[in-house]
Amino acid sequence: MSEEKSLNFIEDIIETDLKEGKYKSILTRFPPEPNGYLHIGHAKAICLNFGLSLKYGGKTNLRFDDTNPITEETAYVESIKEDIRWLGFSWANELYTSDYFDILYNYAVNLINKGLAYVDDSTAEEIAAMKGTPTEAGKDNKYRSRTIKENLILFANMKGGIYKDGEKVLRAKIDMAHTNMLMRDPIIYRIKHAYHHRSGNAWCIYPMYDFAHGQSDSIENITHSICTLEFIPHRELYDWFIEKLNIFTSHQYEFARLNMTYTVMSKRKLLQLVTEGYVNGWDDPRMPTISAFRRKGYTPKSIRTFCDKIGIAKRENFIDLSLLEFCLREDLNQKALRVMAVLDPVKLIITNYEEGKTEELLCENGPDETFGKRSLSFGKELWVEREDFMEEPEKKWFRLAPGSMVRLKSAYIVKCESFVKDVTGKVTAINCSYIPESRSGKDTSGINVKGTIHWVSASHALNAEVRLYDRLFTTENPLDEKGDFKNTINSDSLQIITHAVVESSLKDATVDARYQFIRKGYFCLDTDARLDKLIFNRTVTLKDAWAKEVKKIRLT
RNA sequence: UGGGUUAUGGUGUAAAGGUAGCACAACAGAUUUUGAUUCUGUUAGUCAAGGUUCGAAUCCUUGUAACCCAACCA
């Protein structure tokens, strides 16, 4: 028995279309503008579009919507392709709106010939002034009544490059009094003497989004053109062009874009964070970009699961970041190798352990037997986590404290006998005795301890840099703040630990591997790491019931 | 005071006139050589007011709230 998952509204439409024979198969498209990096909101659109074609046996095109040469770059094209591939999807065709510039130009001429488009000499300000407001109708201007012949010549001249930027535009002739502002004679071509990343200097006029997107969908025979809610008013225009041009009828459907707590999702704002140096580039692990999540150690599967869980609907939403982290931990828990690393080391000396002796202990590599075991070196001097020792323990504390016993993971039970402090009061060493009969796997001591802590043998430890990331913003909705969203940037979003110690097996760590530093969180090797320098990123912390407990204890 | 879209627990998302369900979060407990994982349980919802109906989240009426639209951006 499989539990029937209910359909979202787009799947509903598709199933109806297929059942009624409107289409034999579906064709969707993902249409990024190559002017920035893809973020988690794009991941939602990617999973939707590619997921739909996968589910219904159709195809998805990747189409770069490159109609604005000023902001677009080839570097962005490359990053976008890498991100989609990494997420696990393959496109049927790699396409560019710029490939359709000739067709689009002819469509515009076609419109002029039908008396449905005209060249306007007004300035941007004049056009805006004549456009009216949402509550007031716009007005026709004198250029609106130009003859077809005149428009044809003028538009050819625009293409010919005899006018300067902004001197003239081509507008659709619809209705200056329309209640939908977008139908008040929208501009469809503008002059930009600019180098285009693909067409070079072949063109100096470029179509606007509304005169490119729907037509591109139509040219490709896209059946279901899915976009976000803010394009709802554009649909009327989308349909108008297709109808007047009498070309293949693609249909536009709109869903609500992703919003998430503790982050911003607009490309403009993300670009600002990059250019103003709040983060170190588009793939800084604190960014919500796909490349940042990848670098931070997220798995493609966790992002796909997340996109599946948040659903598709038309109402505004504000997803809790913890849902993403839940999906991440769920996947990482199954995949990550368990290793030991001490982020804030303090020396633990086993007073009754033989000087110079080393034992090899077996330790499980993962969450189940299939991961096998590895050998770990154990000795008289170990590094343990500073926060695992408390001189004056909290209530319910079952880690190291004077007189207390803990198990060293996969090793022995030790008892804290004494500790050493320096003049500043900082603990510099913890002296313990160990119980030889308590060795992991062959424990005959009969002693039960509540606490188990991780450790690294001091003489075998490797030094590592560890980067701990926290959320980039201190408030759930940075956009809610009066003033600049950047006022709520978390100044502690990155903590670099330069002197962490990790077990020696990590000398072979690779960027693709996922690790759980036991009791500390999930980590991965950063791309900055070099042969002689280990650098790990914290992907996400483990859930921490003890931290909650402490809060409660201190409140009462 | 124009047009469009949307309203279901704290957050998402189902229920197509017939038991308001699921997930995350929160809380409580069990298990645990990771205070992780796993398991069990609890809290909590149909925007409002009327109406139709044996029966309404769903249909009707009237309100209310939120979001989008006045780039030669996409």
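Every chain is numbered from 1 and lettered A, B, ... according to where its sequence line falls, protein lines coming before strand lines.
- A salt bridge links R439(A) with E359(A): the distance from a Lys NZ or Arg NE/NH1/NH2 to an Asp or Glu carboxylate oxygen falls below 4.0 Å.
- With distances taken from any side-chain atom of M208(A) to the nucleotides A70(B), C73(B), C69(B), the minimum falls on C73(B).
- The same atom, C1', is picked in A48(B) and in A36(B); the two are 46 Å apart, to the nearest Å.
- Comparing the P positions of U13(B) and A20(B) gives a spacing of 22 Å, expressed to the nearest Å.
- Nucleic acid contact for P134(A): base, since at least one base atom lies under 4.0 Å from a heavy atom of the residue.
- Counting only N and O atoms by type, the side chains of D443(A) and S438(A) include no donor and acceptor under 3.5 Å apart.
- Side-chain to base pairing of H454(A) with A36(B): no donor and acceptor N or O lie closer than 3.5 Å to each other.
- Using a 4.0 Å heavy-atom distance criterion, F231(A) is classed as a base contact.
- Among the protein residues, H213(A) comes within range of no part of the nucleic acid, since none of its heavy atoms lies under 4.0 Å from any strand.
- Taking the charged nitrogens against the carboxylate oxygens, E72(A) and R198(A) have no contact shorter than 4.0 Å, which rules out a salt bridge.
- Contacts of E325(A) with the nucleic acid, taken as non-hydrogen atoms under 4.0 Å apart, are absent.
- Taking atom P in both U40(B) and U61(B), one finds a spacing of 46 Å when rounded to whole Å.
- Secondary-structure annotation of RNA chain B gives the stems B:2-7 with B:64-69, B:10-13 with B:21-24, B:26-30 with B:38-42, B:47-51 with B:59-63, with a stem taken as at least 3 successive Watson-Crick or G-U pairs whose two distances both fall under 3.5 Å.
- Within the 4.0 Å cut-off from OP1 or OP2 of U34(B), not a single side-chain nitrogen or oxygen of K543(A) is found.
- Only the P atoms considered, C59(B) is 23 Å distant from G3(B), to the nearest whole Å.
- RNA chain B is contacted by D65(A), T67(A), N68(A) of residues 63-75 of chain A, taking any non-hydrogen atom closer than 4.0 Å.
- From R304(A), atom CZ reaches atom SG of C47(A) across 7.5 Å, with rounding to the nearest 0.5 Å.
- Taking atom P in both U42(B) and G4(B), one finds a spacing of 46 Å when rounded to whole Å.
- Checked against a 6.0 Å centroid threshold, the rings of F536(A) and F523(A) do not count as neighbours.
- When heavy atoms are screened at a 4.0 angstrom cut-off, T179(A) is found touching base atoms of the nucleic acid.
- When side chains are defined from C-beta on, D239(A) does not count as touching Q252(A), because their heavy atoms never get closer than 4.5 Å.
- Under the 4.0 Å criterion applied to side-chain N and carboxylate O atoms, D120(A) and R146(A) are not assigned as salt-bridge partners.
- A 4.5 Å side-chain heavy-atom check between R29(A) and I226(A) finds at least one atom pair inside the cut-off.
- A donor and an acceptor atom never sit less than 3.5 Å apart when one is taken from the side chain of R519(A) and the other from the base of U34(B).
- Counting any heavy atom pair closer than 4.0 Å across all strands shown, S122(A) reaches a base atom.
- In this structure, W455(A) reaches neither bases nor backbone, as no heavy-atom distance under 4.0 Å exists between it and the strands shown.
- Comparing the same atom, P, in A26(B) and in U33(B) gives a spacing of 25 Å after rounding to whole Å.
- Residues from residues 259-270 of chain A that place a heavy atom under 4.0 Å from any atom of RNA chain B: there are none.
- The base of U34(B) lies outside donor-acceptor range of the side chain of T452(A), with no N or O pair under 3.5 Å.
- At most 12 heavy atoms of other shown residues, nucleotides or ligands fall within 6.0 angstrom of atom NZ in K415(A).
- Counting only heavy atoms from C-beta outward, the side chains of L270(A) and V264(A) approach each other to under 4.5 Å.
- Counted by atom type alone, N141(A) and S122(A) present one or more donor-acceptor pairs between their side chains at under 3.5 Å.
- Straight-line distance between the P atoms of U43(B) and U32(B): roughly 28 Å, to the nearest whole Å.
- A cation-pi contact, defined as under 6.0 Å to the ring centre and within 45° of the axis, links R471(A) to Y262(A).
- Interface residues of residues 181-199 of chain A facing RNA chain B, ordered by number: M181(A), I187(A), R190(A), K192(A); criterion, heavy-atom separation under 4.0 Å.
- Ring geometry for F231(A) against Y209(A) counts as tilted: the plane angle lies between 30° and 60°, on a 0 to 90° scale.
- Put simply, Y209(A) does not rest on the base of A74(B): the two rings are not both less than 5.5 Å apart at their centres and under 30° in tilt.
- Ring orientation note: the planes of Y412(A) and F378(A) are tilted relative to one another, at an angle of 30° to 60°.
- Across all strands, S322(A) comes closer than 4.0 Å only to sugar-phosphate atoms, never to a base (heavy-atom distances).
- Residue K131(A) has no polar side-chain atom (N or O) positioned under 4.0 Å from OP1 or OP2 of C69(B).
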Short N/O separations, protein against nucleotides 41-47 of chain B, under 3.5 angstrom:
none

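- Heavy atoms only, all atoms of each residue included: P288(A) and F293(A) are closest at O-CE1, 3.3 Å.
- In this structure, A124(A) reaches the bases: a heavy-atom distance under 4.0 Å links it to at least one base atom across the strands shown.
- A salt bridge is absent between E364(A) and R338(A): the closest approach of a Lys/Arg side-chain nitrogen to an acidic carboxylate oxygen does not fall below 4.0 angstrom.
- If you check every strand for non-hydrogen atoms under 4.0 Å, K396(A) touches a base.
- Residue-level contact check: R338(A) touches the bases, meaning some heavy atom is under 4.0 Å from a base atom.
- Taking the charged nitrogens against the carboxylate oxygens, R257(A) and E230(A) do have a contact shorter than 4.0 Å, which makes a salt bridge.
- Atom CD of E369(A) is surrounded by 12 or fewer heavy atoms from other residues, nucleotides or ligands within 6.0 Å.
- Looking only at side-chain heavy atoms (C-beta outward), K192(A) and I70(A) come within less than 4.5 Å of each other.
- Comparing the P positions of U58(B) and G51(B) gives an interatomic distance of 14 Å, to the nearest angstrom.
- One finds a salt bridge joining E387(A) and K520(A) here, because a Lys/Arg side-chain nitrogen approaches an Asp/Glu carboxylate oxygen to under 4.0 Å.
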query = When every nucleotide of nucleotides 11-20 of chain B is labelled 5' to 3' by its protein contacts under 4.0 Å (heavy atoms), B for base, S for sugar-phosphate only, - for none, what sequence of letters results?
reply = SSBS-B----
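- Annotation: cation-pi geometry not satisfied between K314(A) and F255(A) (NZ/CZ under 6.0 angstrom from ring centroid, within 45° of ring axis).
- G441(A) comes within contact range of at least one nucleobase, with a heavy-atom separation under 4.0 Å.
- D66(A) places a side-chain N or O within 3.5 Å of a backbone atom of S98(A) that can act as its donor or acceptor partner.
- Residue contacts shown for K168(A) are absent, as no nucleic acid heavy atom lies under 4.0 Å away.
- Atom CZ of F326(A) and atom P of U37(B) are 10 Å apart (whole Å).
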